[in-house]
Amino acid sequence: MQISASILSTENKIEAINKLNNTNIDYIHFDIMDGSFVENKAFSIEEIRKYSSITNKKIDAHFMVENPIYFLNNLKNIDFDIFTFHIEVDNVDEIIKKLKKTNYKIGLAIKPNTNINTLKSYLEDIDLILIMSVEPGYGGQKFIENTYNRIKEIKEMIKDKNILLEVDGGINNSNIKLLDVDISVVGSYITNSNNYQMQINNLK
Ligand code: DX5
Ligand code: ZN
């Protein structure tokens with residue numbers, strides 16, 4: 001399994017990215033929030049540009065925003081590996097269409113209470129499903145146990161389709177053992193420690 005480190009809960013993002021650059025983390029996870037899709041606000045266009053420029057790691061961008069196309073249009077030339085937005089926003093088809101013109105992997109995120117059947121009509125068009133294991137908005141929340149059932153059901157739904165599964169929220173060195181997915185997003189378990197590499201080793 002690969003690990004994607006969320007820097008959302010860190011005070012000094014640049015310092016956190018520099019620390020992660022010196023670990024064997026697989027991705028850096030950017031939590032982008034517009035204060036509307038979720039009440040919290042995080043990462044302006046300028047900050048995303050700055051943070052992307054100082055890392056040598058693959059960037060896993062998670063857009064918790066009403067209007068992902070605004071960010072897409074204003075972040076040309078940024079080398080995201082994964083561009084994930086939420087299935088709960090309007091115009092999902094149009095956003096996918098725009099993303100297909102980029103080199104980004106297309107990720108569709110789903111909140112804990114959204115019916116998983118909503119994913120069905122997009123399975124031919126996406127590269128990744130991000131299953132939220134907390135309500136989006138804040139780091140440091142408790143993992144929602146029903147996520148295990150949802151992972152199982154989504155796996156049955158995608159069958160042998162070439163779609164990566166990623167889980168995000170409340171993951172630590174204990175519950176990660178029960179997650180049979182491709183990528184786990186981990187924030188506070190890594191960044192609340194002074195020794196990021198030791199935490200990543202524990203997770204791996
Ligand atoms: C929550 C974010 C997560 C979160 C992960 O809205 O999408 O990426 O910051 O942090 P932890 O691991 O602290 O839950
Ligand atoms: Zn996230």
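Every number for a ligand or one of its atoms is a count from 1 in the order of the listing. Here, residue 1 is the first one in the sequence, and each next residue gets the next number.
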N/O to N/O below 3.5 Å, does that happen between [X] and ligand 1?
X: Glu135; value: no
X: Gln141; value: no
X: Gly187; value: yes
X: Val185; value: no

Counting only heavy atoms not in [X], do more than 12 sit closer than 6.0 Å to its [atom1] atom?
X: Asp180; atom1: CG; result: no
X: Lys152; atom1: NZ; result: no
X: Glu156; atom1: CD; result: yes
X: Asn21; atom1: CG; result: yes

- [ ] If the plane angle is over 60° it's perpendicular, under 30° parallel, otherwise tilted; pick one for Phe37 and His86.
- [x] tilted
Q. For the residue pair Phe83 and Tyr104, does the interplanar ring angle fall in the parallel (under 30°), tilted (30 to 60°) or perpendicular (over 60°) class?
A. parallel
Which atoms of ligand 1 have any heavy atom of [X] under 4.0 Å away?
X: His29; value: 8 (O)
X: Leu8; value: 9 (O)
X: Met132; value: 7 (O)
X: Gly170; value: 11 (P), 12 (O), 14 (O)
X: His62; value: 7 (O)

May I ask you to identify the nearest protein heavy atom to [atom], giving residue, atom name and distance to one decimal place in Å?
atom: atom 1 (C) of ligand 1; result: Tyr138 O, 3.5 Å
atom: atom 5 (C) of ligand 1; result: Asp168 OD1, 3.6 Å
atom: atom 6 (O) of ligand 1; result: Gly137 N, 2.8 Å
atom: atom 13 (O) of ligand 1; result: Ser188 OG, 2.6 Å
atom: atom 2 (C) of ligand 1; result: Asp31 OD1, 3.4 Å

Any heavy atom of Ser9 closer to ligand 1 than 4.0 angstrom? no
Any heavy atom of Tyr189 sitting closer than 4.0 Å to ligand 1?
no
The atom name of the N, O or S atom in His62 nearest to the Zn ion (ligand 2) is ND1
Among the N/O/S atoms of Asp168, the Zn ion (ligand 2) lies closest to OD2
- If we only count heavy atoms from C-beta on, is the Leu203 to Met1 side-chain gap below 4.5 Å? no
Note: OD1(Asp31)-the Zn ion (ligand 2)-NE2(His29) angle, rounded to 10 degrees, equals 90°
*Would you check if there is a donor-acceptor pair between the side chains of Asp31 and His29 at a distance under 3.5 Å?*
yes
Mark yes or no for whether [X], through its side chain, and [Y], through its backbone, hold a donor-acceptor pair below 3.5 Å.
X: Asn172; Y: Asn175; value: yes
X: Ser133; Y: Asp168; value: yes
X: Gln199; Y: Tyr189; value: yes

